Every structure is written in structure tokens, then in C-alpha cells.
Amino acid sequence: MILEISRSKLQKLVINQIESLFTLSHGKERNILLSCIDMALERSEYCFSYTKNKYYSKDGETYFNPFHSGQNSIFLYFLSNSIFSSYPEAHNLADRVYYLNKTLNGLDLFYQVEMPSIFFLDHPVGSVLGRAKYSERFSFSQNCTVGNNKGIYPTFGQNVKMMAGSKVLGNCRIGSNVIISANSYIKD
């Protein structure tokens with residue numbers, strides 16, 4: 001994967017962002033973060049390699065620019081999720097990366113939400129994705145909401161697109177190859 005900035009600069013960038021907003025211990029937490037950045041880059045590369053969006057490739061190769069909000073949102077989700085999955089004792093660090101994503105990109109995508117390995121977003125600002133069951137090639141735009149009704153979340157088939165402002169709440173089953181129109185509201 002082509003990186004807009006070097007891996008070491010990316011590591012410094014993430015460390016500096018977390019330290020400027022929160023805290024980061026220089027020992028174990030820093031080492032966990034650095035190892036999980038590599039995991040998040042691998043997961044991002046795989047995810048990005050399936051998008052047709054011109055900003056996700058350069059010279060025929062998968063491309064990551066941490067200053068592209070959509071790309072950065074996915075990367076930071078994968079980073080917080082990798083920390084949570086690989087180092088459950090470091091949930092507090094995963095929290096900080098989750099909040100960093102929310103602060104920088106306006107996306108509420110908690111690290112315990114199980115996103116598929118291939119998902120897309122376009123302008124993530126204002127979107128909230130709850131603990132639904134998502135399938136491969138799920139995509140969403142700005143101001144989308146996926147939430148529960150009485151503790152029950154939706155289920156999405158493969159290749160579902162949520163357009164700007166759409167909402168899916170509760171015990172809904174959305175099939176495969178579905179486009180949910182802008183500003184629509186689906187509730188059980």
C-alpha cells in the first residue's frame with residue numbers, strides 16, 4: 001500500500017493526536033498502539049483494495065492518506081478495534097482511539113461494533129453506527145444512523161448502501177444489494 005506519509009510519521013501523528021487530547025503512557029500503551037497501527041494498516045489496505053473510489057488508489061496501488069477523512073475514519077476504527085480484540089486489557093486505550101476518531105471525523109463507530117472486513121463510507125460526519133449485524137461491502141454516507149429499539153439491532157445483507165441522512169432502527173432485516181434512499185427512516 002502506498003502511504004501519503006511514512007509509517008514512522010503516521011505513528012508519530014497518531015501518538016501526538018492522542019497525547020494532545022488525552023494521555024498516553026510511554027511504556028506498554030505506546031507499544032500496544034504501535035503494534036496495532038500495523039494491524040490497522042493491513043486491515044485498511046484489504047478494505048481499501050475493494051473500493052472503486054478514485055481517492056483510495058494511486059498508480060494502480062491501494063493508497064492511504066491520513067488527511068482524507070473517510071480513509072482516516074476507517075483506519076482509526078480498525079485501530080481501536082484491533083486494540084480491543086488483541087489487547088482486551090487495554091480497553092481504555094481503545095476508548096481513546098475511538099474518541100479520537102469521533103473528534104477528528106465526527107463518526108460514532110465504537111470499537112466493539114463488528115464491522116465487516118470490507119466496508120465503505122463517504123463523508124462520515126454525523127453518522128452513528130450501532131451494534132447491528134453488518135455484511136461485506138456495507139457503505140454509508142453522512143448523517144446515517146443505525147440503532148436499536150428495545151435492545152434489538154438491525155441485520156444487513158451484503159452490498160447495502162445507506163445514503164445521506166438515512167436511518168435504520170430496531171429489528172429490521174435489510175436484504176442484499178439494497179440502496180436505502182437519502183433521508184429515509186426504517187424501523188421495526
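Keep in mind it's a predicted model, so treat the numbers as computed, not measured.
- Taking the six-membered ring for Trp, Phe156 and Phe140 have ring centres at least 6.0 Å apart.
- In this structure, the separation between OG on Ser44 and CE on Met1 is 6.0 Å, given to the nearest 0.5 Å.
- Of the inter-residue distances, the one linking Leu109 atom CG with Leu107 atom CG reads 5.0 Å to the nearest 0.5 angstrom.
- For Glu19 and Arg30, the salt-bridge test passes: some basic side-chain N is under 4.0 Å from an acidic carboxylate O.
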Side chains of residues 123-132: which donor-acceptor pairs under 3.5 Å do they make with residues two or more places apart or in other chains?
residue : atom : partner : partner atom : Å
Ser127  : OG   : Ser141  : O            : 2.8
Ser127  : OG   : Asn143  : N            : 3.3
Ser127  : OG   : Cys144  : N            : 3.1
Arg131  : NH1  : Gln112  : OE1          : 2.9
Arg131  : NH2  : Gln112  : OE1          : 3.4

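- Shown here is Met39, whose CE atom has more than 12 heavy atoms of other residues, nucleotides or ligands within 6.0 Å.
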Donor-acceptor contacts under 3.5 Å from residues 5-14 side chains, at least two apart:
residue : atom : partner : partner atom : Å
Ser6    : OG   : Ser8    : OG           : 3.2
Ser6    : OG   : Lys9    : N            : 3.1
Arg7    : NH1  : Asp38   : OD1          : 2.7

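- One hydrophobic cluster, built from ILVMFWY side chains closer than 4.5 Å, holds both Leu21 and Val97.
- At least one donor-acceptor pair closer than 3.5 Å links the side chain of Lys167 to the backbone N or O of Gly165.
- For the atom pair NZ (Lys133) and CD (Glu114), the distance works out to 9.0 Å, reported to the nearest 0.5 Å.
- Checked by atom type and distance alone, the side chain of Tyr77 pairs as donor or acceptor with a backbone atom of Met115 at under 3.5 Å.
- At a threshold of 4.5 Å between non-hydrogen side-chain atoms, the residues Ile15 and Leu34 count as touching.
- Under the 4.5 Å side-chain heavy-atom criterion for ILVMFWY residues, a single connected hydrophobic cluster contains both Ile18 and Phe110.
- The shortest side-chain heavy-atom distance between Asn101 and Ser80 does not fall under the 4.5 Å cut-off.
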From CA spacing to verdict: side-chain contact (heavy atoms from CB on, under 4.5 Å), Phe84, Leu93
CA-CA 8 Å; Phe84 171 73; Leu93 178 58; over 6 Å; no

Expected list for residues 50-67: side-chain donor-acceptor pairs under 3.5 angstrom, two or more places apart:
residue : atom : partner : partner atom : Å
Thr51   : OG1  : Asn53   : N            : 3.1
Asn53   : OD1  : Tyr55   : N            : 2.8
Tyr63   : OH   : Glu4    : OE1          : 2.3
Asn65   : OD1  : Phe67   : N            : 2.8

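- A donor-acceptor pair is defined here as one N or O able to donate and one able to accept, closer than 3.5 Å; no such pair exists between the side chain of Ser86 and the backbone of Ile83.
- No side-chain heavy atom of Met162 sits less than 4.5 Å from a side-chain heavy atom of Ile179.
- Under the 4.5 Å side-chain heavy-atom criterion for grouping Ile, Leu, Val, Met, Phe, Trp and Tyr, Val178 is connected to Tyr134 within one hydrophobic cluster.
- Residues forming a side-chain contact (heavy atoms from CB on, under 4.5 Å) with Ile186 (at least two apart in sequence, or on another chain): Val168, Cys172, Ile174, Ile180.
- A distance-only check finds no donor-acceptor pair linking the side chain of Ser85 to the backbone of Ser82 [under 3.5 Å].
- Counting heavy atoms from C-beta on, the side chains of Ser176 and Val160 never come closer than 4.5 Å.
- Contacts of Asn148 classified as side chain to side chain donor-acceptor pair (under 3.5 Å), with partners at least two apart in sequence or in another chain: Tyr153.
- One N or O on the side chain of Glu29 and one on the backbone of Ser25 form a donor-acceptor pair closer than 3.5 Å.
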Run the side-chain contact (heavy atoms from CB on, under 4.5 Å) test on Cys36 and Tyr87 for me, step by step, so that the C-alpha distance in whole Å, both residues' side-chain angles and the decisive distance to 0.1 Å come before the verdict.
CA-CA 9 Å; Cys36 288; Tyr87 300 93; 3.6 Å; yes

Steps toward side-chain contact (heavy atoms from CB on, under 4.5 Å) verdict (Phe138, Asn159):
CA-CA 5 Å; Phe138 175 79; Asn159 200 34; over 6 Å; no

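- Rounding to the nearest 0.5 angstrom, the gap separating the CD atom in Glu136 from the CD1 atom in Ile118 is 4.5 Å.
- Taken to the nearest 0.5 Å, the CD atom of Gln17 stands 6.5 Å off from the CG atom of Asn72.
- Cluster annotation: Leu3 and Ile37 are assigned to the same hydrophobic cluster (Ile/Leu/Val/Met/Phe/Trp/Tyr, side-chain heavy-atom contacts under 4.5 Å, transitive).
- Ring geometry for Tyr99 versus Phe22: interplanar angle of 30 to 60°, hence tilted.
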Verify side-chain contact (heavy atoms from CB on, under 4.5 Å) between Leu79 and Arg43, making sure each step is shown before the conclusion.
CA-CA 9 Å; Leu79 179 57; Arg43 293 173 70 185; over 6 Å; no

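- Asp188 contributes a side-chain N or O that, together with a main-chain N or O of Asn171, makes up a donor-acceptor pair within less than 3.5 Å.
- With rounding to the nearest 0.5 Å, the separation of CD in Glu45 from SG in Cys47 is 11.0 Å.
- Remark: the backbone N or O of Phe120 is not paired with any side-chain donor or acceptor of Ser139 at under 3.5 angstrom.
- Taking the side chain to side chain donor-acceptor pair (under 3.5 Å) definition, one finds that Asp95 meets it with Tyr111, sequence neighbours left out.
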